[in-house]
Protein chains: 2
Amino acid sequence: MARKTGSHSEITGPRVRAAAERLFARHGFAAVSMRQIAAEVGVQAGALYLYTKDKQALLFDMMDAHMIALLDAWQDIDPGGRPMARLEALVRFHIQFHMERQEAVFIAYMELRNLTPENYVAITERRKAYEHVVEGILSDGNTVGDFAVEDAHLSAMAVIAMLTGVNTWYREGGRLSLERVEEIYWDMVRKSLVG
Amino acid sequence: MARKTGSHSEITGPRVRAAAERLFARHGFAAVSMRQIAAEVGVQAGALYLYTKDKQALLFDMMDAHMIALLDAWQDIDPGGRPMARLEALVRFHIQFHMERQEAVFIAYMELRNLTPENYVAITERRKAYEHVVEGILSDGNTVGDFAVEDAHLSAMAVIAMLTGVNTWYREGGRLSLERVEEIYWDMVRKSLVG
DNA sequence: GTCTATAGTATGATAGAC
DNA sequence: GTCTATCATACTATAGAC
């Protein structure tokens with residue numbers, strides 16, 4: 001019992017980050033005030049600075065955590081083996097991971113321009129690392145004959161844009177289950193990459 | 001010579017809209033002040049209200065004009081005839097149109113959440129009209145045997161996301177000409193939609 | 001048509017009481 | 001750890017001079 005009564009650092013910290021993520025996703029980083037975030041958490045504006053250096057750090061930390069989570073999760077799931085099998089796993093993983101974190105994904109795409117130059121570089125590096133994963137699978141697939149793409153980088157960008165686009169239109173409880181969506185997207189992706 | 005000396009309404013109005021578009025695209029609607037727009041144009045902040053009702057109207061008007069331009073331009077270009085030919089025309093048109101108006105496209109996607117509820121509905125209706133164009137071509141293509149898609153709406157959304165994604169990575173003077181990019185994207189789109 | 005001045009309010013961040 | 005109070009600054013929009 002070394003901790004003081006009334007110390008909620010481990011509870012309030014995550015709540016601040018969650019509130020900021022929700023509000024940034026809904027209204028945009030620039031449109032949200034520290035007072036709004038504080039109100040959502042149930043503390044005063046000044047108290048937020050116990051959990052974050054400033055508003056910029058709040059944004060950067062959540063974007064960086066998101067990108068790291070994306071890269072780590074793929075590392076864990078990557079089945080290895082044939083490029084065709086790896087890409088199918090990636091398509092399903094990408095759709096699931098992005099649908100489960102709609103708010104973080106939204107922020108990661110929309111708020112790049114609100115990062116300081118150094119923070120922008122850091123996040124862009126992480127994004128490139130993910131794009132490189134996809135590009136690598138397509139290149140390998142070209143080599144072993146699983147795919148026949150003219151330009152692995154272009155095709156990687158096309159595939160990523162297509163998959164992330166699910167977030168903009170899919171709504172739970174609609175006509176199609178997410179599993180069905182994964183199925184059809186994988187079918188489209190596969191066909192688009194073979195001779 | 002009915003106009004007063006010093007009257008520049010027809011000149012300043014468009015300059016205000018152009019400056020706003022440039023600044024909103026670069027920094028985001030919420031992050032841009034009326035003072036910044038005025039400075040860019042070379043007038044005082046108060047003078048902007050001669051050319052727009054308020055900041056919201058500035059945003060809505062540019063988004064609405066963009067969506068109308070998109071729909072009108074396709075109407076003019078649509079070759080009719082077989083769905084396969086129409087879709088190829090649309091793929092090339094979409095890439096070209098969106099690449100030529102990067103700032104307007106960026107705003108149309110990013111600033112939806114900064115529209116008032118009524119304005120949001122209006123823009124969303126225009127967007128749906130465009131999506132309906134693509135979906136219609138795919139449905140017709142299913143009927144006449146040009147395409148074999150399981151769900152025309154899903155495939156329309158997938159195609160649109162893929163094509164608009166070009167804006168996020170293509171840079172003029174890079175490895176590939178835009179014509180080459182159109183070629184490869186059309187190849188991917190076509191293959192993804194046939195048996 | 002554009003200016004200056006200003007009303008009224010909100011902002012990010014900090015200092016110091018408890 | 002959280003509060004209140006506050007600094008210094010910025011904001012949108014309007015009024016009224018020219």
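Remember, predicted model here, so these are calculated numbers, not experimental data. Just so it is clear: chains get the letters A, B, ... in the order the sequence lines come, proteins before strands, and each one is counted from 1.
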>> Could you tell me how far apart B:Ile37 (CD1) and D:dC11 (P) are, to the nearest whole angstrom?
In response: 11 Å
> Would A:Thr116 and A:Asn119 count as having a side-chain donor-acceptor pair, cut-off 3.5 Å?
Replying inline: yes
> Do B:Trp74 and B:Phe93 have ring centres separated by under 6.0 Å?
Replying inline: yes
>> For a quick test of reading the model: is some side-chain N or O of A:Ser33 closer than 4.0 Å to OP1 or OP2 of C:dT11?
In response: yes
> Considering only side-chain heavy atoms of A:Val43, which listed nucleotide, C:dC3, C:dT11, D:dC3, is closest?
Replying inline: D:dC3
> In whole angstrom, what separates A:Leu50's CG from C:dT14's P?
Replying inline: 12 Å
>> Tell me whether A:Arg127 forms a cation-pi arrangement with A:Tyr109, defined as NZ or CZ under 6.0 Å from the six-membered ring centre and within 45 degrees of its axis.
In response: yes
>> For A:Glu183, give me all partners under side chain to side chain donor-acceptor pair (under 3.5 Å), at least two apart in sequence or on another chain.
In response: A:Arg92
> Nearest to the side chain of A:Lys55 - C:dC3, C:dG12, D:dA13?
Replying inline: C:dG12
> Got a sec: does the OH of A:Tyr120 have more than 12 other heavy atoms crowding it under 6.0 Å?
Replying inline: no
> Which whole-number value in Å describes the distance from A:Leu48 CG to D:dT4 P?
Replying inline: 14 Å
> Between A:Phe29 (CZ) and C:dG12 (P), how many Å, whole number?
Replying inline: 8 Å
> Please give, in whole Å, the distance from C:dG1 C1' to B:Arg15 CZ?
Replying inline: 14 Å
> Rounded to whole angstrom units, what separation is found between the CG atom of A:Leu59 and the P atom of C:dG12?
Replying inline: 13 Å
> Closer to the 5' end of DNA chain C via nearest nucleotide, is it A:Gln56 or B:Ala45?
Replying inline: B:Ala45
> What nucleotide among D:dT14, D:dC11, C:dA13 has an atom nearest to a side-chain atom of B:Gln36?
Replying inline: D:dC11
> Which is true for A:Val41 with a 4.0 Å heavy-atom rule: it touches a base, it touches only sugar-phosphate, or it touches nothing?
Replying inline: nothing
> How many Å lie between CE on A:Met34 and C1' on D:dT9, as a whole number?
Replying inline: 17 Å
> Rounded to whole angstroms, how far apart are CZ on A:Arg35 and C1' on D:dC11?
Replying inline: 13 Å
> Counting side-chain heavy atoms from CB outward, which of D:dA13, D:dT6, D:dT4 is closest to A:Gln44?
Replying inline: D:dT4
